[in-house]
Amino acid sequence: MNRSLFLDAFLKILEIPHKLVLTIHTNPDGDAVGSALALAAFLRVHNQEVTIVSPNKFPEFLSWLKGADHILIFDQQAKEVKARLQTADYVFCLDYNGVSRSGALQEDLLKLNCPLVLIDHHREPETDSFKLMYSNISVSSTAEMIYELIAETDVEQLKNQEIAEALFAGIMTDTGSFSHSINRAETFNAVARLIENGLDAVHVHQQIYDTFSENRLRLLGYSISNRMQVFNEFSTAVITLSKDDLNRFNFQIGDTEGIVNYPLSIHNIMMSVLITEKSDQIRFSFRSKGNFSVHELAKNHFNGGGHNNAAGGNLKLSFKEAIDYLIKVLPFYKNQLNS
Ligand SMILES: [Mn+2]
């Protein structure tokens, strides 16, 4: 569905009050939470009844954002979430490209009678699942897409600081503080306009990046000095964190956020991988520089996907098997990684 068709449909939704549920992906990040909070605040201005649902807990460093305390967490408030889903007129899917990325929510989303509305920037959206779709894989973040929607439908709301802070939080975190996915002028135009309208960008940056616990910073140091392996023959660096490693630093959700980016700062390292042992599966996070597509890698071998330079996946393996598996896969990509 093209953009102008989506805009028409979106404007139609705004015309009369509806019950709307905004959902985000499992293990939500700054873009997922920021997009949902900004869109929710915008929709409420337009007399919509809005509930935000996250499949599981979001990172603590996002909890200061206005409205974050009203987000329903499915794995803690399942009954309430199910009730809201049952009476919804539309359910939005923000910052994820397929129903399976909603984790524990998946089953309930598949049973819905109301239309699903996608707004997302990940590659290869599950087209068939969504009645309304706004997908653009070249945009920095879903928050930037929400910005565009607001700029085109009610530009005055860009002055609303609740909206502006949430949008900026999404754009800033999904670009690694403006270090990747920043080759479109539109991204900076969006931020410039938010600042012209009163946004305190430094305040948002500090609230998100300068609020580490001591344990989180020590976990980062430990990850790099004790748990990073460099495979020069594959231009790849791998950080592996077991449950014991995480427990040692009193792991809180969000504490491993960003760790995967650091190995890319090594000269000639084209791909960075973070392998994290979760309670029931192994989480793989991938980052790359240049043309090497970690989306393809994640899709082909790790039951995942994402973007060309940032992707993730999950496998049900033991921690040891997961590391061995990655090491077996790397040689297939040797030429691409070294080109
Ligand atoms: Mn995103």
Side-chain angles (χ1 to χ4, degrees), residues 6 22-40 42 52-56 58-59 61-62 65 68 71 92-103 105 116-126 129-130 133-150 163-184 186-188 190-191 194 204-205 208-209 253-254 256-261 274 283-288 293-295 298-299 304-314:
F6 180 84
L22 312 186
T23 65
I24 53 182
H25 57 79
T26 194
N27 302 321
D29 55 9
D31 188 30
V33 173
S35 297
L37 289 173
L39 182 60
F42 179 78
I52 303 176
V53 172
S54 175
N56 59 351
F58 56 84
F61 63 77
L62 299 167
L65 283 162
I71 296 176
F92 284 69
C93 301
L94 304 177
D95 199 38
Y96 64 99
N97 59 355
V99 174
S100 67
R101 307 272 176 254
S102 67
L105 265 179
L116 283 180
V117 183
L118 176 89
I119 305 177
D120 180 50
H121 67 132
H122 291 88
R123 304 189 76 89
E124 301 179 41
E126 266 172 30
S129 308
F130 307 99
M133 239 180 88
Y134 180 25
S135 159
N136 185 346
I137 61 165
S138 56
V139 175
S140 70
S141 51
T142 301
E144 191 181 331
M145 300 176 74
I146 305 286
Y147 167 93
E148 283 177 12
L149 268 185
I150 295 175
I163 292 176
E165 289 186 345
L167 290 176
F168 184 70
I171 298 171
M172 179 183 73
T173 52
D174 244 27
T175 58
S177 247
F178 302 95
S179 63
H180 57 79
S181 320
I182 50 168
N183 276 337
R184 284 170 76 251
E186 288 90 334
T187 307
F188 291 94
V191 170
L194 292 174
V204 176
H205 192 282
I208 287 181
Y209 288 115
I253 284 182
T256 53
E257 198 93 3
I259 290 178
V260 67
N261 296 313
L274 173 66
R283 173 76 189 161
F284 294 83
S285 299
F286 303 95
R287 295 291 183 276
S288 67
S293 172
V294 287
H295 166 74
K299 193 179 79 168
H307 311 286
N308 269 339
N309 293 123
N314 295 288

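Counting starts at 1 for both ligands and their atoms, following the listed order.
Contacts of Glu126 classified as salt bridge (charged side-chain N to carboxylate O under 4.0 Å, His left out), with partners at least two apart in sequence or in another chain: none. Taking the ring pair (Phe, Tyr, Trp, His ring centres under 6.0 Å) definition, one finds that Phe284 meets it with Phe302, sequence neighbours left out.
A donor-acceptor contact closer than 3.5 angstrom is absent between the side chains of His121 and Glu144. Tyr96 and Thr26 are not linked by any side-chain donor-acceptor pair at a separation below 3.5 angstrom, with hydrogens and angles left out of the test. Looking only at atom types and distance, the side chain of Asn308 has a donor-acceptor partner in the side chain of Ser293 under 3.5 Å away.
Of all protein N/O/S atoms, those under 2.8 Å from the Mn ion (ligand 1) are Asp31 OD2, Asp95 OD1, His121 NE2, Asp174 OD2, and waters are not counted.
Judged as a salt bridge (Lys or Arg N to Asp or Glu O under 4.0 Å), not a single pair has a partner in residues 26-36 (not counting sequence neighbours).
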